[in-house]
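Chain letters run A, B, ... following the sequence lines, proteins first, then strands; residues in each count from 1.
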2 protein chains.
Amino acid sequence: MSLNDRKIKILQAIINDYIATAEPVGSRTIAKKYSLGISSATIRNEMSDLEEMGFIIQPHASSGRIPSDLGYRLYVDCLMQKKELDKEEQLFLQNIVSKNISQIDYLMEETAKAISALTNYTTIITEPIPIGTKLKQIRLLPLDQDSILLVIATDGNYSKNHMLKVNYPPSEDRIFEIGKRINRILQGHSWENITENIISLLRNELQEFSFLLEPLLLAVEQTIRSAENVQFHLSGAKNILAFPEFSDVQKAKSIFQALEEKDLLVNLLSERSGSDLQILIGNENSVQSMKDCSVITATYKLGNNAQGTIGILGPTRMDYSQVISVLNEMVQNIETVLKNIDQKNDS
Amino acid sequence: MSLNDRKIKILQAIINDYIATAEPVGSRTIAKKYSLGISSATIRNEMSDLEEMGFIIQPHASSGRIPSDLGYRLYVDCLMQKKELDKEEQLFLQNIVSKNISQIDYLMEETAKAISALTNYTTIITEPIPIGTKLKQIRLLPLDQDSILLVIATDGNYSKNHMLKVNYPPSEDRIFEIGKRINRILQGHSWENITENIISLLRNELQEFSFLLEPLLLAVEQTIRSAENVQFHLSGAKNILAFPEFSDVQKAKSIFQALEEKDLLVNLLSERSGSDLQILIGNENSVQSMKDCSVITATYKLGNNAQGTIGILGPTRMDYSQVISVLNEMVQNIETVLKNIDQKNDS
DNA sequence: ATTAGCACTCAAATCAATCGAGTGCTAACA
DNA sequence: TGTTAGCACTCGATTGATTTGAGTGCTAAT
């Protein structure tokens, strides 16, 4: 018994139909809707073979067939035809990137929103930055009579501001000056690097403004920690409720549950096989409560060894070809922009 | 027929029981669980009266009673006893605030998370800032050979950074210098205020770095827009799925739908009657799909005329007294910290 | 005024009957 | 030998009848 051409056509018909309707597909349906030139009886015979080979499943004895994980796997690996995004969709995605170049966390947040809006699936993006992040610039800017804005920028195009309140503020020039000194001392250091030694250096430099020391260190720690943290963006979780396979609240809830566990999702996105585009179908992913879901992940590279992952999560009968084109398009957009930045940095 | 003491005791029992179980409450249940010293028959008579007065409803002829919106209203206005948070909960909430003073958007995000974690309801926070936001400080910081960090701070303790990429960067000193000039020109202006006139001033000052002009203006616009935008934080939406009243996926979905419409929620939170704490029960709120929900909102004042709102959304049978204590505690925490800041600013 | 007692109501659970989409198998056919 | 018409069969889903039980309202006795 071999996977001849006809069997493949039938399998493809089943998968297409099931992706569209979420209902088990019967032989008569295929005979009528897809003009394969053979009768439903013949199709039945072939389907029986396909089931024996493990590509399709009969949920119960007198129902139609649905694709198995293996069936989807074959589909994804061999049968699926690439879909081109139309101009409108391409522009939509390109716009998201080009409008948010200057702030990477906004970019990722908007990317997640855009993808889930376009696909109606759930989007998860991780934005990892290598550990050992170093301080690049620290500045103090006078704002009010008694507020100072502390700006901390680190490796990896990351920056964060902190508002410091002071009762007896130094003059503007002094503030700049103090900022410069702090910068001179801390620049280039990672958090682990900031020893008692450096702290006492700071204390010396700050002199009469020693009350700034504590909030300063706190802010530095927070900034580095949050730069080193896997930044994480999730969007479109509610889309899950739209799929009939999750019309059981219990199922929906267990997925929402999983979606709130950041560590679990980070793991899910990093289950990878070196390939840029990875497709995990049903039980292939390790999260038990998501065995009816597929996750398609793509990595985008920020140059060096920093890379992030975009994952799209939907029911196993998701529209793989659409998702893949969206991912490809988006990764390409992001990489074009970020490589651009990186090349410049390397020069 | 008057609302005598006994009727009130019975109503209270019904509401307490229904809040706990989400099941219609019968006369026998009350007779057994709450030792009111009267028989179920008497309770039945009283319940009949309470129904006639509109405080309770019989979902169908032979079922127990559930509180009506009016019943909850009476409960909330008169019957409910205040609940004190325990030390642990207080500390938990205080910590959230004290750990996030320096960045207001983080503070609100974390506040929303904390409240929904503590109450198991859904939390919505708006953080409105009066329009006509003015630029307070603009600075350029050299970062790399070819990246410049543009820092823009506005009224209302708001600031945002933007990464600028340049091919032929000026020297560090020049960068500072240009930043200062830009600052001198733009400081104190609102977006509407930036006329052609000012732009040409800028163009003059920038001279050979005129290529900075466009990204600069774009960043200024973005920052002001996002400062003036009602910042918005939503957390714990998935909690909705845990309540039996929303075990119908359709209902859950329609609520999730509403929760994604920012404008609608902003309206919901601003439906107010001047009072600091507002409770909208069931149909009292204007959103049709949320007629089975109650929303409790509290305003926190940032001094002057800037104020934000924290809203907690749950089923009408939510634990009003818990939610109110959490809100009071949190508003107090936030105001203490922010008033502190504001007093200093006014000095 | 309260309560025991009882008839009554109605949603929910249970069960049987029916329906129909779909299958597998067989025999006939090209 | 591969294909197909035909038919018996399967089983989930739907429908309807029946039972159950929590709860009520009313009445008459206390």
Side-chain angles (χ1 to χ4, degrees), chain A residues 1-11 13-15 17-18 20-68 71 244-245 247-248, chain B residues 1-11 13-15 17-18 20-68 71 244-245 247-248:
Chain A
M1 185 170 49
S2 71
L3 246 195
N4 57 23
D5 196 49
R6 197 167 65 182
K7 282 196 180 57
I8 287 184
K9 281 214 182 83
I10 291 175
L11 179 60
I14 293 174
I15 294 180
D17 212 76
Y18 189 69
T21 66
E23 293 289 338
V25 190
S27 54
R28 262 172 61 89
T29 312
I30 295 180
K32 269 189 278 180
K33 279 216 266 188
Y34 303 81
S35 31
L36 301 181
I38 46 179
S39 77
S40 68
T42 311
I43 294 175
R44 267 203 296 287
N45 291 331
E46 296 288 39
M47 279 166 86
S48 175
D49 290 355
L50 282 169
E51 182 167 15
E52 204 174 317
M53 291 189 255
F55 294 117
I56 53 181
I57 291 173
Q58 208 171 11
H60 58 87
S62 67
S63 78
R65 306 304 213 290
I66 63 175
S68 67
E245 33 271 87
S247 64
D248 173 23
Chain B
M1 185 168 51
S2 72
L3 247 195
N4 57 22
D5 197 51
R6 197 168 65 184
K7 282 195 179 61
I8 287 184
K9 281 215 181 82
I10 292 174
L11 180 58
I14 294 174
I15 294 180
D17 212 75
Y18 189 69
T21 66
E23 293 288 339
V25 190
S27 54
R28 262 172 62 88
T29 312
I30 294 181
K32 268 189 277 180
K33 278 215 267 186
Y34 303 80
S35 32
L36 300 181
I38 45 179
S39 77
S40 70
T42 310
I43 294 174
R44 266 201 298 286
N45 291 330
E46 297 287 38
M47 280 166 87
S48 175
D49 290 355
L50 282 169
E51 181 167 15
E52 205 174 316
M53 291 189 257
F55 294 117
I56 54 180
I57 292 172
Q58 208 172 10
H60 58 86
S62 66
S63 79
R65 307 302 214 289
I66 63 175
S68 66
E245 32 270 86
S247 64
D248 173 24

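The rotation axes computed at either terminus of the helix from dA1(C)-dT30(D) to dA30(C)-dT1(D) lie 20° apart, taking five pairs at each end and rounding to 10 degrees.
Interface limits on DNA chain D: the 5'-most and 3'-most nucleotides within less than 4.0 Å of chain A heavy atoms are dT3(D) to dG12(D).
Taking each heavy atom of Pro67(B) and Tyr18(B) in turn, the nearest pair found is CD-CD2, 3.5 Å.
In this structure, the separation between CD1 on Ile30(B) and OG on Ser35(B) is 12.5 Å, given to the nearest 0.5 Å. Between atom CD1 of residue Ile38(B) and atom CD1 of residue Ile43(B) there is a gap of 4.5 Å, rounded to the nearest 0.5 Å. Separating the CG atom in Asp5(A) from the CD1 atom in Ile10(A) is a distance of 10.0 Å, to the nearest 0.5 Å. Going from atom CG of Leu50(A) over to atom CG of Leu3(A) covers 6.5 Å, rounded to the nearest 0.5 Å.
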Distance-only donor-acceptor pairs under 3.5 Å for side chains of residues 53-63 of chain A, two or more places apart:
{"unit_1": "Gln58(A)", "atom_1": "NE2", "unit_2": "Ala61(A)", "atom_2": "O", "d": "2.9"}
{"unit_1": "Gln58(A)", "atom_1": "NE2", "unit_2": "Ser63(A)", "atom_2": "O", "d": "3.1"}
{"unit_1": "Ser63(A)", "atom_1": "OG", "unit_2": "His60(A)", "atom_2": "O", "d": "3.1"}

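With contacts defined as side-chain heavy-atom distances shorter than 4.5 Å, the pair Met47(A)/Ile14(A) qualifies. Contact annotation: the side chain of Asp49(A) approaches that of Glu46(A) to within less than 4.5 Å [non-hydrogen atoms, C-beta and beyond]. Side-chain contact between Arg6(A) and Leu36(A): absent, with no pair of heavy atoms (C-beta onward) separated by less than 4.5 Å.
Residues from residues 57-68 of chain A placing a heavy atom under 4.0 Å of any atom in DNA chain D, listed by number, are His60(A), Ala61(A), Ser62(A). Applying a 4.0 Å cut-off to non-hydrogen atoms, the residues of residues 29-47 of chain B that approach DNA chain C are Ile38(B), Ser39(B), Ala41(B), Thr42(B), Arg44(B), Asn45(B), listed by residue number.
The only member of Lys33(B), Arg28(B), Lys32(B) that meets salt bridge (charged side-chain N to carboxylate O under 4.0 Å, His left out) when paired with Asp17(B) is Lys33(B).
Thr42(B) is linked by a side-chain hydrogen bond (donor to acceptor under 3.5 Å, both in side chains) to Ser39(B), counting only residues two or more places apart in sequence or in another chain.
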